[in-house]
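Everything on this sheet refers to the single structure shown next.
In what follows, chains are A, B, ... by sequence order, proteins preceding strands, each numbered from 1. Computed from a predicted structure; not experimentally measured.
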Amino acid sequence: MNLNEPAKPSNFIREIIDNDLQTDKYGGRVHTRFPPEPNGYLHIGHAKSICLNFGLAGDYNGKCNLRFDDTNPVKEEEEYVESIKADVRWLGFDWEDRLFFASDYFEQMFEYAVQLIKCGKAFVCDLSSEQMREYRGTLTEPGRESPWRNRSIEENLDLFNRMRAGEFPDGSRTLRAKIDMASPNLNMRDPVMYRILHASHHNTGDKWCVYPMYDWAHGLEDSIEKITHSICTLEFEAHRPLYDWYLIQLGAYRPQQIEFARLNMTKTVMSKRKLLELVKGKFVNGWDDPRMPTISGLRRRGYTPESIRLFCNRIGVSKADSTVDVALLEHCLREDLNKRAPRVMAVLRPIKAVIENYPEGKVEELDAVNNPEDPTMGTRKIPFSRVIYIERDDFMEDPPKKFFRLAPGREVRLRYAYIVKCEKVVKNPETGDIVELRCTYDPETRSGSAEGRKVKATIHWVSAEHAVEAEARIYDHLFLKDDPGNVEEGADWKDNINHNSLETLQGCKVEPSLANAAPGSRFQFERLGYFCVDADSKNGKPVFNRTVTLKDEWAKIAKSEKSGSQKQDSN
RNA sequence: UGGGGCGUAGUCGAGUUGGUAAGACGUCUGACUCUGGAUCAGAAGGUCGUAGGUUCGAGUCCUACCGCCCCAGCCA
């Protein structure tokens, strides 16, 4: 895959692979897999894993499988497998003909289990889950062996087959590996391999009523698919001895498990549980709410696959717990969109401006460049007339020193048009609100003319007569704090939700070219930010999601002045 | 507390066989600009968790300590 992306920095996984290639451990092959459980939507943390696994395969001329780890029918649904496939594809990765399901291997896994029983390494246990917990011991005390641990091979075989046949109720028995109840690694204290679950599975229906546990299943899946490097997150580190143990007992092909640190990001939450809670609790409008860190949310927000891949390559891979600043994600987005997004003029909070000395009824078609970063994107015509809308924030009646936009008696350039001067402010006599601005223009200053007068600012505008009415959804971070999960005792992470993370603006005025913009298309609203057409748009009434603002020097100045004056207030 | 991991600038994160610390984001300066965008130039910011030791020399090796994360689901 040629993504035109810079070389990825080295990391400890590449070192392992390089070394394995040198020693010919896997015959020169690199074969990875992305193994999601279809029990939720993918998020940016999964994107890190996807980019890692598919990226490595691509860079080393290997392969990467998409495999659903669907071993728990009570949590998994078809809806999730479809969304996951769509998200991986959207991110730009291709599993070709290698779409697999753990459930495809259930029969084979069962046979492997029989093999383990036959060599005396597994047994059917009748302990209840509570009893098993008691027998397991604690972190500091060894466990005790199950009283069922020494059943004969024949009895184990018989019982295990009858478990499969559905003779026993849920929870009544398990198949367990016979390892070591005194192991300091609790995962090795005779772990459960199969549990009885009379539940129908999204893939196998009611064929099975015993389902394999993760530790038993995962290594087998990797082994069956001849995976070379089985990359997973840090919490599975303590499971690696078990992963290895099963495959060694079976004499099966054994991949190398490698663990890396999962992604955390500021101003958001990443756990499936919390994400689900946000959706179920209606704190957001579904999994694809543009404030969600889900792939579908980011997509709807207007993120590009390229920007997400770029981000994943830039954050690197390591074993240290870390939290990446969301500003880096946003930086990658701007970097990508800056090159590609067509520029367009849109006024989000309009204020009317009448250019008094401009002839009534006259309309000029002015040339505007579509993208100064890319001349091949050409130009377009935009209409200019006597009455226009400008951004309310671009005018201040009593501006501070560092504000150099429009104010009474001051001049600014209207982008692609003329220099205008504010002559008068018209207010509602009752409320004192500014209703409109009366301006004059200098006919000698039309864009492209040889005139060389400089003004301190250029602002965007839309001709009132030609404006298209639009809705804009202004998104901000979903959480107030960098680490929403880090709360005092008794407090809830949801207390950190930013209740102003969505502001819906009606009556926005956008240039006519946007009237029928296709859902999903992305634009830069000049001076404001990048916006993406939402699927809620109707013909002639587009809805825009603000993807991300432009970097805004003025916002920084305004903010620091504000906090400066607050400091003074408190003194 | 038993076991397994991890600790390099505000945040990520490179640091091959020991020769006194890449890069990116963020922050701050300046230049340029018909987007206060982009671009360009530059700056600040690190006792490499701490303390010892080996060595001419240690982020890299040794020892001890400290801190953080994970494991006691018939979840993954």
Next on the checklist: If I take atom NZ in residue A:Lys339 and atom P in nucleotide B:U35, what distance separates them, rounded to the nearest angstrom?
Outcome noted: 21 Å

Next on the checklist: So for atom CZ, which belongs to A:Arg262, do other residues, nucleotides or ligands contribute more than 12 heavy atoms lying within a distance under 6.0 Å?
Outcome noted: no

Item to check | A:Lys75, nearest nucleotide to its side chain (from B:C75, B:U35, B:U1) | outcome: B:C75

Next on the checklist: Taking only side-chain N and O atoms of A:Lys551, does any of them lie within less than 4.0 angstrom of OP1 or OP2 on B:A38?
Outcome noted: yes

Checklist entry - Between B:A9 and B:G18, how far is it from one P atom to the other, in whole Å? => result 24 Å

Checklist entry - Could you state the CD-P distance from A:Glu553 to B:G26, rounded to the nearest angstrom? => result 12 Å

Checklist entry - How is A:Tyr194 classified with respect to the nucleic acid when contacts are heavy atoms under 4.0 Å: base, sugar-phosphate, or nothing? => result nothing

Next on the checklist: Strictly by Watson-Crick or wobble contacts shorter than 3.5 Å, is anything paired with B:U27, and which nucleotide is it?
Outcome noted: B:A43

Checklist entry - B:U1 P sits how many Å from A:Leu139 CG, rounded? => result 11 Å

Next on the checklist: With a 4.0 Å limit, can you tell me whether A:Ser10 has a side-chain N or O closer than that to the phosphate oxygens OP1/OP2 of B:U16?
Outcome noted: no

Checklist entry - Do the charged groups of A:Glu145 and A:Lys178 touch, with an N to O distance under 4.0 Å? => result no

Checklist entry - With sequence neighbours left out, what residues match A:Tyr530 under ring-ring contact (aromatic ring centres under 6.0 Å, His included)? => result none

Checklist entry - What parts of residues 323-332 of chain A reach RNA chain B, counting only heavy atoms under 4.0 Å away? => result A:Thr323, A:Val324, A:Asp325, A:Ala327, A:Leu328, A:His331

Item to check | P atoms of B:C12 and B:G7, separation to the nearest Å | outcome: 12 Å

Next on the checklist: For B:G23 and A:Arg314 - does any side-chain N or O of the residue sit under 4.0 Å from the phosphate oxygens OP1/OP2?
Outcome noted: no

Next on the checklist: Distance check, P atoms only: B:A58 and B:G53, in whole angstrom units.
Outcome noted: 12 Å

Checklist entry - When the P atoms of B:C32 and B:G49 are considered, how many whole Å apart are they? => result 44 Å

Item to check | Under-4.0 Å side-chain N/O to phosphate OP1/OP2 contact, A:Arg195 with B:C75 | outcome: yes

Item to check | Integer angstrom distance from the C1' of B:G46 to that of B:A14 | outcome: 15 Å

Next on the checklist: As a test of understanding, state which of A:Gln257, A:Arg67, A:Gln256 forms a side chain to side chain donor-acceptor pair (under 3.5 Å) with A:Asp222.
Outcome noted: A:Arg67

Item to check | Whole-Å distance separating the CG atom of A:Leu242 from the C1' atom of B:C74 | outcome: 15 Å

Item to check | Nucleotide of B:A38, B:C6, B:A14 approaching A:Ala320 most closely (side-chain heavy atoms) | outcome: B:C6

Next on the checklist: Taking the C1' atom in each of B:U33 and B:C25, what is the distance between them to the nearest angstrom?
Outcome noted: 24 Å

Checklist outcome for this item: Per the glycosidic torsion and the 90° limit around 0, nucleotide B:G73 is syn

Checklist outcome for this item: Taking for A:Asn338 and for A:Ser128 the nucleotide of RNA chain B with the nearest heavy atom, the one nearer the 5' end belongs to A:Asn338

Checklist entry - Is the A:Tyr112-A:Tyr246 ring centre distance short of 6.0 angstrom? => result no

Checklist entry - Given B:C69, is OP1 or OP2 found less than 4.0 Å from the side-chain N or O atoms of A:Lys319? => result no

Item to check | Spacing of the P atoms in B:A38 and B:A24 (rounded, Å) | outcome: 16 Å

Checklist entry - Judged by modelled atom types alone, do A:Lys481 and A:Asn486 share a side-chain donor-acceptor pair under 3.5 Å? => result no

Item to check | Below 4.0 Å: OP1/OP2 of B:G73 and any side-chain N or O of A:Arg136 | outcome: yes

Item to check | Of A:Leu234 and A:Arg527, the one whose closest RNA chain B nucleotide lies more 5' | outcome: A:Leu234

Checklist entry - Does B:C65 have a Watson-Crick or wobble mate here (both distances under 3.5 Å), and if so which one? => result B:G49

Next on the checklist: When both hydrogen-bonding distances must be under 3.5 Å and the geometry is Watson-Crick or G-U wobble, what is B:G57 paired with, if anything?
Outcome noted: none

Checklist outcome for this item: Scanning all shown strands, the Watson-Crick or wobble mate of B:G2 with both distances under 3.5 Å is B:C71

Checklist entry - Any donor-acceptor pair under 3.5 Å between the side chain of A:Gln524 and the base of B:U35? => result yes

Checklist outcome for this item: Side-chain atoms of A:His239 come closest, of B:A76, B:C28, B:G4, to B:A76

Checklist entry - Nearest to the side chain of A:Glu373, which nucleotide is it out of B:C75, B:A38, B:G15? => result B:A38

Checklist entry - Given B:A76, is OP1 or OP2 found less than 4.0 Å from the side-chain N or O atoms of A:Thr71? => result yes

Item to check | From SG (A:Cys332) to OH (A:Tyr303), nearest 0.5 Å | outcome: 9.0 Å

Checklist entry - If the C1' atom of B:C68 is compared with that of B:U29, how far apart are they to the nearest Å? => result 37 Å

Next on the checklist: What's the closest nucleotide to the side chain of A:Pro184 if the choices are B:A72, B:G36, B:G2?
Outcome noted: B:G2

Checklist entry - Between B:C71 atom P and A:Met181 atom CE, what is the distance in whole Å? => result 19 Å

Item to check | A:Ser318 side chain near B:G13 phosphate (N/O to OP1/OP2, under 4.0 Å) | outcome: yes

Item to check | For atom CZ of A:Phe123 and atom P of B:C74, their distance in whole Å | outcome: 12 Å

Please enumerate all protein N or O atoms sitting under 3.5 Å from an N or O of nucleotides 48-50 of chain B, with distances to 0.1 Å.
none

Next on the checklist: Check this one for me: any side-chain N or O of A:Thr266 less than 4.0 Å away from OP1 or OP2 of B:U11?
Outcome noted: no

Next on the checklist: Measuring to OP1 and OP2 of B:C75, would you say a side-chain N or O of A:Lys272 lies under 4.0 angstrom away?
Outcome noted: no

Next on the checklist: I want to verify a distance call: between B:G73, B:G36, B:G37, whose nearest atom is closest to the A:Phe403 side chain?
Outcome noted: B:G36

Checklist outcome for this item: Here the distance between atom P of B:G36 and atom CZ of A:Arg413, to the nearest Å, is 13 Å

Checklist entry - In terms of side-chain heavy atoms of A:Leu550, which of B:A72, B:U27, B:G37 is nearest? => result B:G37

Checklist entry - Given atom CZ of A:Phe160 and atom C1' of B:C74, what is their separation to the nearest angstrom? => result 13 Å

Checklist entry - Is the A:Tyr80-A:Phe68 ring centre distance short of 6.0 angstrom? => result no

